[in-house]
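Down below is the structure, laid out as structure tokens.
Computed from a predicted structure; not experimentally measured.
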Amino acid sequence: MDKKISLYVLAGAAIVLTGCNKKMGPFAAEYFSTDPTPLEVVGDVVPGTITANVPQKFFKKNAEVTVTPYLVYGDELRQASESFVFQGEKVKGNNPVISYSNGATVSIPVAFVYTPEMMKSDLYLDFSVTQGKNTYALPAVKVGEGVLATSTLANAQTVVPAGAADKYQRVINDILDADLMFLINQANVRASELKEGTAVSNFNAAVAQATSADNMEVEGIHVSSFASPDGGVEYNEKLSERREHATVDYLQKNFKKGNVTNYGDITSEFTAQDWEGFQRLVAESNIQDKDLILSVLSMYKDPEQREKEIRNLSSVFDQLAQEILPQLRYSRISASINTIGRSDEEIVAQYKDDASKLSVDEILYAATLTNDNKQKEDIYAKAAKLYPNDYRTFNNLGKAQYVNGKYNAAKENFEKAAALNPKSEEVNMNLGLVKLAEKDYNAARQYFGAAANAEGVNDALGVYYLRQGDYQTAVKAFGNSKTNNAALAQILTKDYSGAQATLNAVAEPNATTYYMMAVVAARTNNEQGVYANLRKAAALDSSVKARAAVDKEFAAYNVSQL
């Protein structure tokens, strides 16, 4: 009897021991779900979360399981994400515990550095199990398929760099002024005001020269006559009017005497009392009580009351009569004179004949007269050679090279421009584009921060935010821009009607434009639109076919035979 009992006890112990040491069974694919499905590229990374629902009585109490997510793509290329370790209830350690009796739900974050081959890929989990001294592998489980790479259509190289503007003006207008002074209560033009070297004499000579020069014209002459604010409004009104007539009469006779013609019309006006000039001169003076005078001017608006109150300031009125009031008895003569530069045709001809005879602004302007970007590049290269100390020549040369796809040469010239003018917003914008294309996002952000008002910076920022995965902010940055990049931001925020409208408005649609239209069509269940737009895209760029064939955007469509 005792012997039988011993045998039963030994058998039971063996059964228990076998249960403890029994290997774990394989994980089933249905235990796992992946979010998002398929995985999506965000910036340069493919992030996601795998959720494992471990069933009851599956995870051995003495087991420690290392789970390694990995993508298989291309010619059996493999990239692993971070491994995670889970343990049973009897394992001593600090890893998440999975109950044998109850099972558990656990999350496994993944992140892969994106490469284009991942569009056609499979997501697997590897399992390495340790139980006591034994370590063994369980069969890998496929938990996902493919990577959605629509966000990678963002392209910094399609953003047009900022050009540094030339300052060429074919017509440059200048206003030439001269003051003809009068004595108190008088309106006669004195000879002392007209002798050589005076303001009026110099004015007459400049007008005569402008009317005879081939590259200048006088648009017209204007006379404004004034009286000082003393002597009463009614009297001063008549006095300033007489000064106006005397000045106009003098100018007409003088031009006739000197055979000066083509000076346009002479227009005129008069002001009874020049209170505005009075206030300005007092404010600029060293008169001791000027604050008191200015206070009177602010308190009283009626000219008669103003004059009365200022005359009552007996301590300063004599000083005003000597220093301020004589300066307000005058006629201001103004000539509007245009200096006319070379015409567009003359600039082009001079560039072809001898570009060195063009100013830096003329040669920069010459580049704007052609739509051929290769010609622009040649002109800016000549400008940089002739004017190597002007940052604009290198910046604009870099812009033309960037548009022509010569990114290394463009970068070199942007850096030369920055050495000459590191604060230029255009240069900072363009260096930011270079850094964005190089995926140096921190440097790109710093450069864009120093280019707040540069032309095109919002488009550049939009691409920056796309590359960061911040799609809502990208939409705001693009604003009303009608570009492929702007439409992509709308697609990624699921604004499909807005994206379609933007794509329809792209000025020069290319293969990417039509490819995005196909994406919009796929996401809105427009089968005809998918095929029609992919055909248009493939006609412009045959490489579209290979991408579309593996693009998860078109998983529901037979696009392999475009």
Parallel, tilted or perpendicular: which one describes the rings of F27 and F59, with boundaries at 30° and 60°?
perpendicular
Once ring pair (Phe, Tyr, Trp, His ring centres under 6.0 Å) is applied, do any residues pair with Y31, and if so which ones, sequence neighbours excluded?
F58
How about CG on D354, more than 12 heavy atoms from neighbouring residues, nucleotides or ligands closer than 6.0 Å, or not?
yes
Salt bridge (Lys or Arg N to Asp or Glu O under 4.0 Å) filter on D495, not counting sequence neighbours, yields none
Residues passing the salt bridge (Lys or Arg N to Asp or Glu O under 4.0 Å) test with E82, sequence neighbours excluded, are none
Beyond-backbone contact of Y515 with D551, side-chain heavy atoms, under 4.5 angstrom
yes
Does the side chain of Y380 pick up a donor-acceptor pair with the side chain of N413 at under 3.5 Å?
no
Going by side-chain hydrogen bond (donor to acceptor under 3.5 Å, both in side chains), name the pairs with one or both residues in residues 100-112, residues two or more places apart or in two chains.
N53-T105
By side chain to side chain donor-acceptor pair (under 3.5 Å), which residues pair with E553, not counting sequence neighbours?
T150, R523
Strictly under 6.0 Å, is that where the ring centroids of Y471 and Y465 end up?
no
Side chains of Y136 and Q131: donor-acceptor distance under 3.5 Å anywhere?
yes
Return the set of residues passing salt bridge (Lys or Arg N to Asp or Glu O under 4.0 Å) with R535 (not counting sequence neighbours), or none when no residue passes.
none
Are L153 and R547 packed together at the side-chain level, in the sense that at least one heavy-atom pair is separated by less than 4.5 angstrom?
yes
Between the side chains of N430 and Y447, does any donor sit under 3.5 Å from an acceptor?
no
Taking only residues two or more places apart in sequence, or in another chain, which ones meet F394 in a ring pair (Phe, Tyr, Trp, His ring centres under 6.0 Å)?
none
Between Y531 and F554, is the gap from one ring center to the other below 6.0 Å?
no
K382 and Y351, any side-chain heavy atoms less than 4.5 Å apart:
yes
Side chains of T158 and N485: do they bring a donor and an acceptor to under 3.5 Å?
yes
Could you tell me whether the side chains of N395 and R392 share a donor-acceptor contact shorter than 3.5 Å?
no
Across all chains, not counting sequence neighbours, the ring pair (Phe, Tyr, Trp, His ring centres under 6.0 Å) partners of Y114 are none
Sequence neighbours left out, what passes salt bridge (Lys or Arg N to Asp or Glu O under 4.0 Å) with E64? Give chain and number order.
none
Could you tell me if the side chain of N484 sits less than 4.5 Å from the side chain of N510, heavy atoms only?
yes
Applying side-chain contact (heavy atoms from CB on, under 4.5 Å), name anything that partners T34, two or more places apart in sequence or on another chain.
T37, L39, I50, L123, V143
Less than 3.5 Å apart, any donor N or O on the side chain of S560 or N558 sitting next to an acceptor on the other?
yes
Could you pull out all residues at least two apart from K120 that satisfy side-chain contact (heavy atoms from CB on, under 4.5 Å)?
V550
Between S543 and D541: side-chain donor-acceptor atoms closer than 3.5 Å
yes
With sequence neighbours excluded, tell me which residues meet ring pair (Phe, Tyr, Trp, His ring centres under 6.0 Å) with Y70.
Y124
Among N428, L431, L436, which residue satisfies the side-chain contact (heavy atoms from CB on, under 4.5 Å) criterion with F448?
L436
Salt bridge or not for D122 and K142, using N-O below 4.0 Å?
yes
